[in-house]
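Below: one structure, written as structure tokens.
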Amino acid sequence: MRALYWNGVNDLRVGTVKDPEIVNPRDAILKVRLSTTCGSDLHFIDGYIPTMKAGDVIGHEFMGEVIEVGPEVKQVKKGDRVVVPSFIACGQCWYCQQKLFSLCDCTHPKPELQEPLLGYPTAGIYGYTHAFGGYAGSHAEYIRVPHADVDCFKVPEGVADETALFLSDAAPTGYMGADFCGIQPGDTVAVWGCGGVGLMAQQSARLMGAERVIAIDRFPERLRMAREHAGSETIDYTQVHSVLEALKEMTGGRGPDACIDAVGMEAHGTGSQYAYDRVKQALRLETDRAQALREAVMACRKGGTLSVLGVYGLIDKFPMGVIMNKGMTVRSAQQHGQAYMDRLLAHAQKGELNPAYLATHRFSLEDGPHGYDMFKHKTDGCVRAVFAP
């Protein structure tokens, strides 16, 4: 089959690779109908998350059609149109029973690559380094889905492929981030980042009852999406002296009740702290440019909640003292998509959440490297590049 694979830092290629096979009786094979880029992919493409190997098929956000199932698969069958959360869960371990699916104890075949850094391994994820399991990714004609009964969710009639696609990762990540905020009527939620996850976090905060949502970004087309699709107020951080001061002014001096970081380790910013991060990251003395995270910590009101969705590695100058002295609550996780999928599909069926507008650019799989280049550099207003194998 044809697939998009990693060949080295900032070197993506399309080639012929081995077709996936059933290796466990609970597996399914999907014909990929659509897959999409994700901002977290850029971290290993740019070399900040190691353990990639030349030839690794990438991609973790996808939907498709079941074409083969193992003998123990009972809930899905050949011909079903399904969406699959990006983290692989067994459904049986203690963490899965607590609905902490991205922390599954049973789906990481290479725990020794994570334990030195994290203490304990997380769940495996498709197409996202050997430190996260080394599973083949979704930018391919076909993909193997382990634990198909737990991880495949049938797409209802009336929900389009492009809507279902973003229920794989962007929507559940944003929805989880808003859920972490414990939103109460009248709350103000600030969201750093107007990419796919940030926009989904903004819309989800609205669905959960936030009175005001404030979006922070620098790209006019993304800020426009935030206003049009999420009803957000917006801040272009390149046009204000200080995001902190702008948020104070917008909230009568108190600050947002909750802040969501939907940016992560390669944040853009301004000022001396950003320059410091750029230098240290370039010299590989730290992995992260944590500008957005630091701003969110500073801007959140006393006693407020910080929800961290951005992917991070090793941060320098993390403001723990600010969090402690302000009495903040911090919640973070890779997305527990299986916990939210029924709700998300219901929202999609009712027209309450339709993330299809994120698909600003569509490509064949053969044009995958070009699609990623546009996505990475945000040219032509690219929010997400979608591939149709």
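Nothing here was measured: the structure is a model prediction, and the numbers come from that model.
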For the backbone of [Y] and the side chain of [X], can you confirm whether one donor and one acceptor N or O come within less than 3.5 Å of each other?
X	Y	result
Asp187	Ala210	no
His130	Pro50	no
Gln203	His229	yes
Ser307	Gly177	yes
Asp151	Ala89	yes
Asp27	Asn24	yes
Arg81	Val66	no
Gln335	Gly337	yes
Arg26	Ala148	no
Arg206	Gly231	yes

Around atom [atom1] of [X], are there more than 12 heavy atoms of other residues, nucleotides or ligands at under 6.0 Å?
X	atom1	answer
Glu115	CD	yes
Glu249	CD	no
Glu228	CD	yes

Are any non-hydrogen side-chain atoms of [X] and [Y] less than 4.5 angstrom apart?
X	Y	result
Tyr95	Thr122	no
Tyr128	Ser40	yes
Thr107	Tyr135	yes
Val159	Met63	no
Ser102	Gln338	no
Lys78	Val69	no
Glu61	Ser86	no
Met200	Pro355	yes

[X] versus [Y], closest heavy-atom pair with distance:
X	Y	answer
Glu141	Leu365	N-CD2, 4.2 Å
Ala201	Val191	CB-CG1, 4.3 Å
Cys194	Ala215	SG-CB, 3.6 Å
Lys31	Tyr142	CA-CD2, 3.7 Å
Ala205	Ala178	N-CB, 3.7 Å
Lys18	Met1	O-CE, 3.7 Å

How far does CZ of Phe62 sit from CG of Leu165, to the nearest 0.5 angstrom?
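Separation between the atoms: 10.0 Å.
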Give, for atom CD of Glu211 and atom CD of Gln184, the distance between the pair rounded to the nearest 0.5 Å.
13.0 Å
Same apolar cluster: [X] and [Y], side chain cutoff 4.5 Å:
X	Y	value
Leu345	Val76	no
Met225	Leu309	yes
Leu207	Leu199	yes
Val83	Ile67	no
Leu42	Leu293	yes

When you check the gap from the basic side-chain N to the acidic O, do Asp149 and Lys74 get nearer than 4.0 Å?
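Answer for the salt bridge query: no.
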Is Asp161 paired with Arg33 through a side-chain N to carboxylate O contact shorter than 4.0 Å?
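Yes.
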Run the salt bridge (charged side-chain N to carboxylate O under 4.0 Å, His left out) test on Asp179 and Arg331 for me, step by step, so that the C-alpha distance in whole Å, both residues' side-chain angles and the decisive distance to 0.1 Å come before the verdict.
CA-CA 10 Å; Asp179 188 38; Arg331 295 198 66 183; 5.8 Å; no
Distance only, no hydrogens: is a donor on one side chain within 3.5 Å (strictly under) of an acceptor on the other, for [X] and [Y]?
X	Y	answer
Tyr126	Asp169	no
Arg2	Thr16	yes
His60	Asp41	yes
Arg218	Thr238	no
His268	Tyr237	yes

Step by step, would you call Val243 with Met298 a side-chain contact (heavy atoms from CB on, under 4.5 Å)?
CA-CA 10 Å; Val243 171; Met298 290 295 294; over 6 Å; no
Would you mind telling me which of Asp380, Asp373, Thr379 makes a side chain to side chain donor-acceptor pair (under 3.5 Å) with His377?
Asp373
Met374 vs Lys376, test: side-chain contact (heavy atoms from CB on, under 4.5 Å). Steps then yes/no.
CA-CA 6 Å; Met374 286 191 68; Lys376 176 179 177 178; over 6 Å; no
Go through it in stages, so that I can follow the logic: the residues are Thr36 and Phe375, the test is side-chain contact (heavy atoms from CB on, under 4.5 Å), and I'd like the CA-CA distance, side-chain angles, deciding distance and then a yes or no.
CA-CA 10 Å; Thr36 186; Phe375 172 67; over 6 Å; no
Of Tyr340, Tyr175, Phe166, which meets ring pair (Phe, Tyr, Trp, His ring centres under 6.0 Å) against His347?
Tyr175
Full working for side-chain contact (heavy atoms from CB on, under 4.5 Å) between Ile45 and Asn10:
CA-CA 5 Å; Ile45 291 172; Asn10 289 310; 3.6 Å; yes
